[in-house]
Colleague: 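Once you've had a glance at the structure underneath, I'll fire off some questions.
This is a predicted model, so every value here is computed, not measured. Sequence positions, counted from 1, serve as the residue numbers for this chain.
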Amino acid sequence: DIGLADARESARKARVEARAGIDPIESRRAETRRIPTFVECAARYIRSHRHGWRNRKHARQWVSTLKTYARPVIGSKKVDNITTDDILTILTPIWTTKTETAKRVQGRVENILDYAAVHKFRDPVNPARWRGHLDQLLPRPTKVRRVVNHPAMPYSATPGFLAELSTREGIAPRALAFLILTATRTGEAIGATWDEIDLDAKVWIIPARRMKTQREHRVPLSAQAVEILHDIPHYSDNAHVFPGSRQGRRLSNLGLLQAMRGMGYGVGGDRGDYVPHGFRSSFRDWAGEVSSFPHEVCEAALAHVIGNKTVAAYQRGDLFEKRRKMMSAWANYLDHKGGAVTNLRRLRAQR
């Protein structure tokens with residue numbers, strides 16, 4: 001079925017490939033291999049990596065952003081046919097208006113096309129690569145994105161806020177007070193489970209999987225934080241310290257926001273647009289302006305990663321005992337500046 005001229009041409013091509021160090025058999029297999037579309041390749045990438053992601057929400061965000069922005073442009077294209085123009089068609093409309101989202105889309109498309117290249121579905125030159133490629137075509141995100149920090153209550157107003165908060169009933173106010181006293185993130189506080197907390201040692205150990213930095217974080221608990229934990233009832237069917245309304249579930253993120261809104265705070269609030277996460281800034285401002293604790297102790301309390309690799313290499317401890325003194329000082333400041341935090345048990349006994 002194969003003519004002599006075709007056979008000679010095939011043999012010539014095989015010799016050329018062999019001299020170039022290419023296996024002619026592998027080359028022929030690659031030619032007959034079916035090249036997947038971007039959507040198909042994205043699905044394979046997500047399936048192979050999702051177990052390494054921190055949570056289901058992250059996987060949903062991957063699917064959602066690719067479906068919204070990438071699929072309409074390159075979804076049905078073979079991965080070996082995707083070009084830089086395609087990537088710019090995706091990113092240009094949202095680069096200056098939705099910069100954070102656009103940067104995530106760029107990074108995810110880049111990862112998927114790298115995955116395709118590793119599996120020899122396309123050449124290694126990635127049209128979605130940022131460094132040395134798209135950074136020459138698009139302005140840097142830091143140049144077009146205005147960084148908006150979480151609105152933070154002035155530290156001087158926090159004691160009065162906490163005193164008022166302690167008079168309110170419910171799990172959400174207790175969780176918010178615990179967040180303020182421990183200077184932790186919302187997800188860390190509302191996701192706390194009883195097995196993470198040692199009340200006798202007054203320490204809360206947040207596992208790495210629940211930390212933004214992916215590193216275990218020990219939180220020294222002040223007497224005031226322990227008092228809140230003693231006041232929280234334990235439920236046999238819920239391991240969370242701050243349970244939600246659904247059986248076995250934790251308090252939702254909105255619970256803390258709603259607690260503040262009920263007091264007149266939040267977006268459009270008549271008492272200030274402050275949000276729960278902003279109390280970390282309130283704590284940091286107090287630590288820097290009022291306390292005399294060193295910078296590295298303050299940063300360790302917030303579980304910030306040391307940016308200087310040389311310093312990080314030598315500073316391997318978590319400064320726990322120094323942080324214990326600082327968190328106790330912070331709690332005492334909140335207790336006595338602008339009115340003491342009401343003892344919950346005493347308040348209920350009076351009622």
Colleague: What's the shortest heavy-atom distance between Gln106 and Leu134, and which atoms?
Modeller: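 Result for this residue pair: CG-CD1, 3.8 Å.
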Colleague: Working note: Val109 + Leu66, criterion side chain to side chain contact (heavy atoms under 4.5 Å, CB included); need CA distance, chi angles, decisive distance, verdict.
Modeller: CA-CA 8 Å; Val109 173; Leu66 293 174; 4.1 Å; yes
Colleague: Measure across Leu229 and Trp194 and return the closest heavy-atom pair with its distance rounded to 0.1 Å.
Modeller: O-CH2, 3.6 Å
Colleague: Could you check whether any side-chain N or O of Asn238 sits under 3.5 Å from a backbone N or O of Arg249, counting only pairs where one atom can act as donor and the other as acceptor?
Modeller: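 Checking the backbone N and O of Arg249 against the side chain of Asn238, a donor-acceptor pair under 3.5 Å is found.
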Colleague: Are Leu251 and Leu256 packed together at the side-chain level, in the sense that at least one heavy-atom pair is separated by less than 4.5 angstrom?
Modeller: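 In short, these two side chains touch, coming nearer than 4.5 Å.
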Colleague: If you group Ile, Leu, Val, Met, Phe, Trp and Tyr by side-chain heavy-atom gaps below 4.5 Å, do Tyr235 and Ile190 land in one group?
Modeller: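 In one cluster with Tyr235: Ile190, no.
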Colleague: Using the salt bridge (Lys or Arg N to Asp or Glu O under 4.0 Å) rule, take Glu321 and Lys325 through it: C-alpha gap first, then chi angles, then the decisive distance, then the call.
Modeller: CA-CA 7 Å; Glu321 292 307 320; Lys325 294 179 181 178; over 6 Å; no
Colleague: Grab the two heavy atoms, one from Val275 and one from Met260, that are nearest each other, plus how far apart they are.
Modeller: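 So the two residues come closest at C-SD, 3.7 Å.
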Colleague: Answer yes when Arg44 and Glu40 have at least one side-chain N-carboxylate O distance shorter than 4.0 Å, and no when they do not.
Modeller: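 No, no charged N to carboxylate O under 4.0 Å.
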Colleague: Would you confirm whether Arg280, through its side chain, and Ala183, through its main-chain N or O, come within 3.5 Å as a donor-acceptor pair?
Modeller: yes
Colleague: Dump the intermediate steps for side chain to side chain contact (heavy atoms under 4.5 Å, CB included) on Arg324 and Lys202, then the final yes or no.
Modeller: CA-CA 9 Å; Arg324 183 181 288 284; Lys202 296 183 179 180; 3.6 Å; yes
Colleague: Return yes if some donor-acceptor pair links the side-chain N/O of His277 with the main-chain N/O of Thr186 below 3.5 Å, else return no.
Modeller: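 Judged by distance alone, no pair lies under 3.5 Å.
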Colleague: Please check if atom CD1 in Ile2 has more than 12 non-hydrogen atoms from other residues, nucleotides or ligands closer than 6.0 Å.
Modeller: no
Colleague: Which heavy atom of His240 sits nearest a heavy atom of Gly191, and at what distance?
Modeller: CD2-O, 3.9 Å
Colleague: Run the salt bridge (Lys or Arg N to Asp or Glu O under 4.0 Å) test against Glu110 and tell me which residues pass, sequence neighbours left out.
Modeller: none
Colleague: So if you build clusters from Ile, Leu, Val, Met, Phe, Trp, Tyr with side-chain heavy-atom gaps below 4.5 Å, do Ile22 and Phe121 land together?
Modeller: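 Hydrophobic grouping puts Ile22 apart from Phe121.
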Colleague: Ile82, Val39: one ILVMFWY side-chain cluster at the under-4.5 Å cut-off?
Modeller: no
Colleague: Check whether Asp285 reaches the backbone of Ser282 with its side chain - one donor and one acceptor, N or O, closer than 3.5 Å.
Modeller: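 Here the side-chain-to-backbone pair does not exist.
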Colleague: Please examine the side chains of Glu216 and Ile205, heavy atoms only from C-beta on, and report whether any two atoms are closer than 4.5 Å.
Modeller: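 SC-SC contact between Ile205 and Glu216 confirmed.
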Colleague: Strictly distance-based, threshold 3.5 Å: is any side-chain N or O of Thr193 a donor or acceptor partner for the main-chain N or O of Ala239?
Modeller: no
Colleague: Is the backbone of Thr89 close enough, under 3.5 Å, to the side chain of Thr92 for a donor and an acceptor to pair up by distance?
Modeller: no
Colleague: Check for a donor-acceptor pair, side chain of Arg108 on one end and backbone N or O of Ala42 on the other, with a separation under 3.5 Å.
Modeller: no
Colleague: Quick one: do Ile74 and Asn81 satisfy side chain to side chain contact (heavy atoms under 4.5 Å, CB included)? Show the steps, please.
Modeller: CA-CA 9 Å; Ile74 59 174; Asn81 290 331; over 6 Å; no
Colleague: Measure from the side-chain N and O atoms of Thr68 to the backbone N and O of Thr65, and report whether any donor-acceptor pair falls under 3.5 Å.
Modeller: no
Colleague: Can you run down the salt bridge (charged side-chain N to carboxylate O under 4.0 Å, His left out) pairs that involve residues 74-88, sequence neighbours left out, and say none if there aren't any?
Modeller: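 Sorted result for residues 74-88: Lys77-Asp86.
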Colleague: Any non-hydrogen side-chain atom of Ile228 less than 4.5 Å from a side-chain atom of Gln224?
Modeller: no
Colleague: Classify the angle between the aromatic ring planes of Trp330 and Tyr333 as parallel (below 30°), tilted (30 to 60°) or perpendicular (above 60°).
Modeller: parallel
Colleague: Return yes if some donor-acceptor pair links the side-chain N/O of Arg323 with the main-chain N/O of Arg218 below 3.5 Å, else return no.
Modeller: yes
Colleague: Just say parallel, tilted or perpendicular for the rings of Trp286 and Phe293, cut-offs at 30° and 60°.
Modeller: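 Answer is tilted, since the angle falls between 30° and 60°.
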Colleague: Using salt bridge (Lys or Arg N to Asp or Glu O under 4.0 Å), reason through Arg12 and Glu9 one step at a time and then give a plain yes or no.
Modeller: CA-CA 5 Å; Arg12 185 197 66 78; Glu9 176 58 25; 2.7 Å; yes
Colleague: Is a side-chain N or O of Trp95 found less than 3.5 angstrom from the main chain of Pro139, in a donor-acceptor match?
Modeller: yes
Colleague: Which pairs pass ring pair (Phe, Tyr, Trp, His ring centres under 6.0 Å) with one or both residues in residues 166-192, sequence neighbours excluded?
Modeller: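 The answer is Phe178-Trp204, Phe178-Phe242.
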